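All remarks here apply to the structure that follows.
Basis for what follows: all heavy atoms, side chains included, without hydrogens, waters or symmetry-related copies. Fair warning: this is a prediction, and the values are worked out from it, not measured in the lab.
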Amino acid sequence: MERMKKQALINLGTEWFAEKGWKPFEFQLETWDAYLEGFSGILNAPTGSGKTYALLIPILLDYIRCNPKYAEEKAEGMNAIWITPIRALAREISLASERAIEAMGLAWQVGIRSGDTSTSVRKKQLTNPPQLLITTPESLHLLLASKGYRNFFGNLGTIVIDEWHELMGSKRAVLAELALSRLKSLLPALQIWGISATIGNMDQAMSVLLGSGESTMPNKIIKADIQKKIEVVTVLPDEIEKFPWSGHLGIHLLSKVVPIIQQSGSTLIFTNTRAMCEIWYQRLLDVAPDLAGLLAMHHGSISREIRDWVEQSLHSEKIKAVVCTSSLDLGVDFRPVESIIQIGSPKGVARFIQRAGRSGHQPNAVSRIYFVPTHSLELIESCALRQAIDDGQVEERIPYVRSFDVLAQYLVTLAVSDGFDAVETLEEVRSTFSFASISEAEWQWLLNFIVTGGKALHQYNEYQKVRRDPDGLFRVHDRKISLRHRLSIGTIVGETSMIIQYQRGKRIGTVEEWFIAQLRPGDTFWFAGKSLELIRVQGMTAEVKKSKKKKGKVPSWLGGRIPLSSQLAQYLRLKVAQSREDAYAEPELEKLIPLTELQDRRSHVPLIDEFLIEYFQSSEGYHLLFYPFEGRYIHEGMSALIAWRIAQIKPISFTIAMNDYGFELLSDAPIPIEEALENELFNTIDLSADIQASVNSIELAKRRFRDIASIAGLVFKGYPGREKKDKYLQSSSQLFFEVFTDYEPDNLLLRQAFEEVFVFQLDETRLRTALDRIQFQKIILSQPEKATPYSFPIIVDRTREKLSTERLADRIRKMKLALERE
DNA sequence: GACCTGCTGCGGGGTG
């Protein structure tokens with residue numbers, strides 16, 4: 001048979017769509033075309049838009065083109081890999097692709113390779129690979145850790161990476177980049193496609209995915225022009241006077257949330273924390289007992305079985321509403337729900353849009369999201385969100401670069417399987433976005449690290465993992481090391497947690513060690529919506545039974561804090577100004593008028609070109625408040641910096657408190673703020689040096705180092721079922737930190753810890769931008785009689801969280817040095 | 001290194 005024309009192939013795909021009563025969208029046809037022309041690229045499409053078929057179909061069509069006798073013969077080898085960031089998506093993609101394969105009459109098999117795949121299936125896959133393999137970045141690395149993997153990937157033509165926006169900002173993307181660099185080098189014609197929701201740095205997303213290097217294919221970004229209308233409905237309190245100035249639970253509006261759930265066919269209620277999720281679930285059932293059996297709960301610490309049940313029940317409409325955390329952001333592409341409720345700030349525009357998009361899936365349907373503020377100032381946030389959506393402003397994802405921990409792990413992965421050649425591998429590694437700048441010296445350090453353990457650890461055998469063989473290849477020869485390495489592949493370092501299970505063995509979920517440690521047998525606590533009595537603790541398992549008691553602690557987990565994004569922050573400042581200038585334009589701002597007026601009367605409401613500082617005295621001491629509206633993380637760095645700079649003028653020690661809107665410096669002595677302002681308090685000239693001096697970066701880096709040590713393979717987390725305790729992981733990673741600091745200060749992993757602190761935690765770039773902005777604003781130094789509506793939440797927060805500045809002795813010593821310099 | 005509000009995600013005992 002002659003080579004089929006591209007158009008004929010596309011017609012074939014279109015026919016298949018027609019059989020199902022579908023019509024391809026413009027972007028799908030565009031993708032088919034680009035794929036068949038040999039392009040790599042990124043497909044920018046929202047969930048539920050048919051993005052999967054946009055790439056599955058052309059992969060199959062291309063196979064037909066290259067293998068004219070497709071229908072008669074069994075396809076040979078693996079043709080395509082589909083990577084998903086979560087296992088639950090693999091099942092869906094597998095079903096979708098099986099449908100398409102069958103309809104086109106291809107002799108293709110679809111296989112899933114993830115942590116759920118049984119050993120026997122894995123073995124079969126290695127000798128007889130499926131034509132389409134659906135897997136995760138981690139499992140792909142496990143394949144690269146298998147002997148003879150070159151044959152396995154021999155026929156590979158395409159890799160698709162789904163939800164690339166989700167991976168982009170994490171070290172899992174670095175795993176993907178490295179695996180791709182290896183496969184691209186094995187298969188120069190490999191086509192690579194990413195699927196991504198809209199992010200602010202789409203071009204960069206493509207650079208990260210495709211990397212550089214000679215074999216880079218012609219590439220393209222295809223945008224699915226599916227504009228969804230999003231309607232933001234704020235649930236307004238009746239009387240703003242009775243609405244709290246601070247708080248995070250939002251339970252005051254419970255009675256207004258119930259009717260929304262009752263009147264909708266199905267509802268998702270997004271909360272910001274797992275504890276909040278538990279509390280809302282209970283309270284909803286308290287006030288609306290008719291929801292019993294129709295309301296469920298879903299968060300990351302609830303067991304996989306229960307979560308699967310919840311997802312399926314929602315899909316089959318057995319239940320009506322689910323209270324959840326971001327555990328339902330991704331994954332199960334279930335039937336769209338009718339209403340979405342967001343409780344408290346979503347902290348970012350993209351997250352809010354993604355959640356809203358869970359409703360109103362029909363073309364032209366409006367996605368409606370109800371926003372439930374948890375305190376007064378969040379009313380401004382809902383206006384900010386609405387405006388940001390209208391302006392199409394979404395966040396960027398910052399890719400990790402120079403993550404040497406991941407690279408060290410990857411090199412051992414290659415050494416575990418067939419070994420690697422240093423020259424060839426360096427070239428591949430350099431073709432990735434993450435390691436484009438790696439120097440020869442850094443590369444040699446890494447090789448030395450995996451071979452000898454490096455300068456600090458060369459006396460210990462267990463860190464001498466890899467050997468350079470006479471043929472020049474680097475290999476692992478010790479079976480124990482290989483095994484331990486396979487068990488440690490990946491970049492997610494979680495808390496070790498305790499399993500909660502009934503006496504008969506059914507698992508309900510997990511909580512953190514410290515929470516159970518504070519309970520005694522017989523105590524009750526709430527979990528997964530149930531009142532449970534602790535019976536006994538055995539190893540890492542806590543046995544419980546159901547309890548009738550109504551009172552009990554609700555567990556909290558030490559999750560990461562979600563920082564307010566700079567996009568949202570920018571709109572927040574805009575809307576703060578509007579609350580003073582044009583409050584009647586928006587119902588939320590109008591509602592807020594009494595509060596805005598009070599703030600303006602007592603102090604000031606800043607316009608967009610103004611920067612507000614409040615200074616007042618109370619029985620607690622002297623309060624100095626700043627309102628950059630930049631989010632907690634930035635405030636953390638900025639407050640330490642400002643405190644340090646003021647202390648250069650007059651030796652004072654501060655207690656620092658902050659939230660997403662501003663921060664407070666509290667002192668028992670008067671603060672020379674005017675003088676500080678005259679001395680250019682916000683300048684960015686010596687910023688890096690001043691940050692170094694003001695922030696306790698060693699402590700921050702030490703915490704970062706825990707993950708780095710684990711990813712780089714310095715700390716072994718234990719065999720499955722026999723995990724080591726957190727205390728062990730913490731103390732051994734700290735030990736490494738100290739050993740390196742003392743004996744090998746130029747250790748690359750140690751340096752990486754500090755770099756991560758400055759890039760991701762203190763976010764120096766954003767801090768600089770914020771300070772530059774403030775320098776151009778008009779400083780309003782207001783001296784209210786007492787606390788203002790803006791300052792109140794921060795002051796309340798302080799009673800919870802106390803961060804004192806560095807020890808006074810250190811401070812004085814440093815200042816003396818500074819004085820001597822001049 | 002905690003708990004005072006604080007998310008999510010992966011992997012797993014094999015030499016063709």
Under 4.0 Å, counting only non-hydrogen atoms across every strand here, what does [X] touch: a base, just sugar-phosphate, or nothing?
X	result
A:Leu142	sugar-phosphate
A:Tyr719	base
A:Arg704	nothing
A:Ser139	sugar-phosphate
A:Arg122	sugar-phosphate
A:Lys171	nothing
A:Ser114	sugar-phosphate
A:His299	sugar-phosphate
A:Gly148	nothing

For A:Lys702, all residues meeting salt bridge (charged side-chain N to carboxylate O under 4.0 Å, His left out), sequence neighbours excluded = A:Glu738

Ignoring hydrogens and angles, tell me if any N or O in the side chain of A:Glu664 forms a donor-acceptor pair with the backbone of A:Met658 under 3.5 Å.
-> no

Indicate yes or no for a side-chain donor-acceptor contact from A:Lys124 to the backbone of A:Thr119 under 3.5 Å, with no hydrogens or angles considered.
-> no

Whole-Å [atom1] distance, [N] and [M]:
N	M	atom1	answer
B:dG6	B:dC10	C1'	22 Å
B:dT8	B:dG12	P	22 Å
B:dC7	B:dC3	P	13 Å

B:dC7 base / A:Thr325 side chain donor-acceptor hit below 3.5 Å | no

What about A:Arg632, does its side chain sit under 3.5 Å from the base of B:dG6 through a donor-acceptor pair?
-> yes

Evaluate the ring planes of A:Phe525 and A:Phe527, with Trp represented by its six-membered ring, and classify them as parallel (under 30°), tilted (30 to 60°) or perpendicular (over 60°).
-> tilted

